[in-house]
2 protein chains.
Amino acid sequence: MNSGTSYRQSRQRRRILQLLKETHTHPTVDWMYQQLKPEFPKLSLGTIYRNLSILTEQGLVNKIKSGSTFDRFEANTGTHYHFICESCGCMQDLEMPVRKDLNDEARQFTNFDVQKHQIHFFGLCSDCRSKKTAD
Amino acid sequence: MNSGTSYRQSRQRRRILQLLKETHTHPTVDWMYQQLKPEFPKLSLGTIYRNLSILTEQGLVNKIKSGSTFDRFEANTGTHYHFICESCGCMQDLEMPVRKDLNDEARQFTNFDVQKHQIHFFGLCSDCRSKKTAD
DNA sequence: ATTATATTAATAATCGTTCCGATTACTGTT
DNA sequence: AACAGTAATCGGAACGATTATTAATATAAT
């Protein structure tokens, strides 16, 4: 992306980070834009996107992955977990028992009505793993 | 969507479901389109989308949610889990210990190099819960 | 076969996001 | 203080995935 280059500071970027730090919701780009527009009347959406990706690159911000850009489907309708390879992007089912107890555990930490959960594991699939060791 | 109406059969929809059953990857819409295009030369993308949503509605197919349609961000960069309200769509952090052992467990069921995981819990947030009981 | 209506194909529209060219604002150097 | 170099900005166009609209077609029931 911008690797190796040094980052300059900017009021916009500082504000974006600050805004993100003082909110405990998980804002969308659009929300941040609404918030900061009055303060920076000429602010553009692109600026938010660019700065968020820089901040993410710097490790100051987390982008909560929506997995990938496109939807995926499966005919296996029973609950089960997924593994996603960070190298090739493939997705596989995990033949691993579903931990219903996690719902109960989560319930203890909130006053939410926790009904179900999903787990996505990340790493390298067997193919990509052997490719990595090859070179 | 199409609620209340009865479903007719169609060759296209039957094929889509069959295709989904015989593949153990988690196809994207585009991939299915590529696969079925030779068979149905006049097939259009809209048909795939519409049928997948019908099949999902019927419970025959799972749409692997990418969370929501737009990206979300947070300044809390430590690992932690998330709760998503299925009613209002809000997202909150869960103050719950991270279960690193799940990675080990997942590793036992595959030959993947599992490095990390995400858990998304779903249900009703406290606000929506009280609204539900109100009416 | 006729009829009613779900399904299709094609296309336009939408939504979130990224990319681009032109301009502006820093930062360090004479 | 003027300069060059370059990052950061804006605005809008472009993009890819998805949804909505329409007229034509296919399916199931009578």
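Just so we're on the same page: letters track the sequence lines, and every chain starts at 1. Computed over heavy atoms, backbone and side chain alike; hydrogens, waters and symmetry mates excluded. Computed from a predicted model, the values in this text were never measured in an experiment.
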Within this structure, what is the CD1-to-C1' distance between Ile16(A) and dC10(D), rounded to whole angstrom? 13 Å
DNA chain D: Ser10(A) or Gly46(A), which has the more 5' nearest nucleotide? Ser10(A)
Are the ring centres of Phe83(A) and His117(B) closer than 6.0 Å? no
Distance, rounded to the nearest Å, where Tyr33(B) contributes OH and dT19(D) contributes P: 17 Å
Rounded interatomic separation in angstrom, taking CZ from Arg14(A) and P from dC26(C): 9 Å
Between C1' on dA12(C) and CG on Leu45(B), what's the gap in Å once rounded to a whole number? 14 Å
Proximal nucleotide (of dT7(C), dC26(C), dT8(C)) relative to the Ile54(B) side chain: dT7(C)
So what does Asp30(B) touch, heavy atoms closer than 4.0 Å: a base, only the sugar-phosphate, or nothing? nothing
Have a look at Arg13(A) and say if it touches a base, only the backbone sugar-phosphate, or nothing, with a 4.0 Å heavy-atom cut-off. sugar-phosphate
May I ask you to evaluate whether Gln12(A) reaches the phosphate of dA25(C), defined as a side-chain N or O under 4.0 Å from OP1 or OP2? no
It should be established whether Arg50(B) places a side-chain nitrogen or oxygen under 4.0 Å from OP1 or OP2 of nucleotide dT8(C). yes
May I have the distance from Tyr7(B) (atom OH) to dA29(D) (atom P), rounded to whole angstrom? 16 Å
Could you tell me how far apart Arg8(B) (CZ) and dT25(D) (P) are, to the nearest whole angstrom? 16 Å
Electrostatic pair Lys100(B):Glu105(B) at N-O distance under 4.0 angstrom: no
Rounded to whole angstroms, how far apart are CG on Leu52(A) and C1' on dT17(C)? 12 Å
Roughly how many Å is it from CD1 in Ile48(A) to C1' in dT18(C), rounded to a whole number? 15 Å
Which residue lies toward the 5' end of DNA chain D, Tyr49(B) or Gln9(B), if each is placed at its nearest nucleotide? Tyr49(B)
I want to check one thing: is the phosphate of dT8(C), taken as OP1 and OP2, less than 4.0 Å away from some side-chain N or O of Ser44(B)? no
Evaluate the ring planes of His82(A) and His26(B), with Trp represented by its six-membered ring, and classify them as parallel (under 30°), tilted (30 to 60°) or perpendicular (over 60°). perpendicular
Are the side chains of Gln92(B) and Phe112(A) in contact, using a 4.5 Å heavy-atom criterion? yes
So which one's nearest nucleotide on DNA chain C is more toward 5', Val29(A) or Lys42(A)? Val29(A)
Under a 3.5 Å cutoff, is there a donor and acceptor pairing between the side chains of Glu57(B) and Tyr7(B)? yes
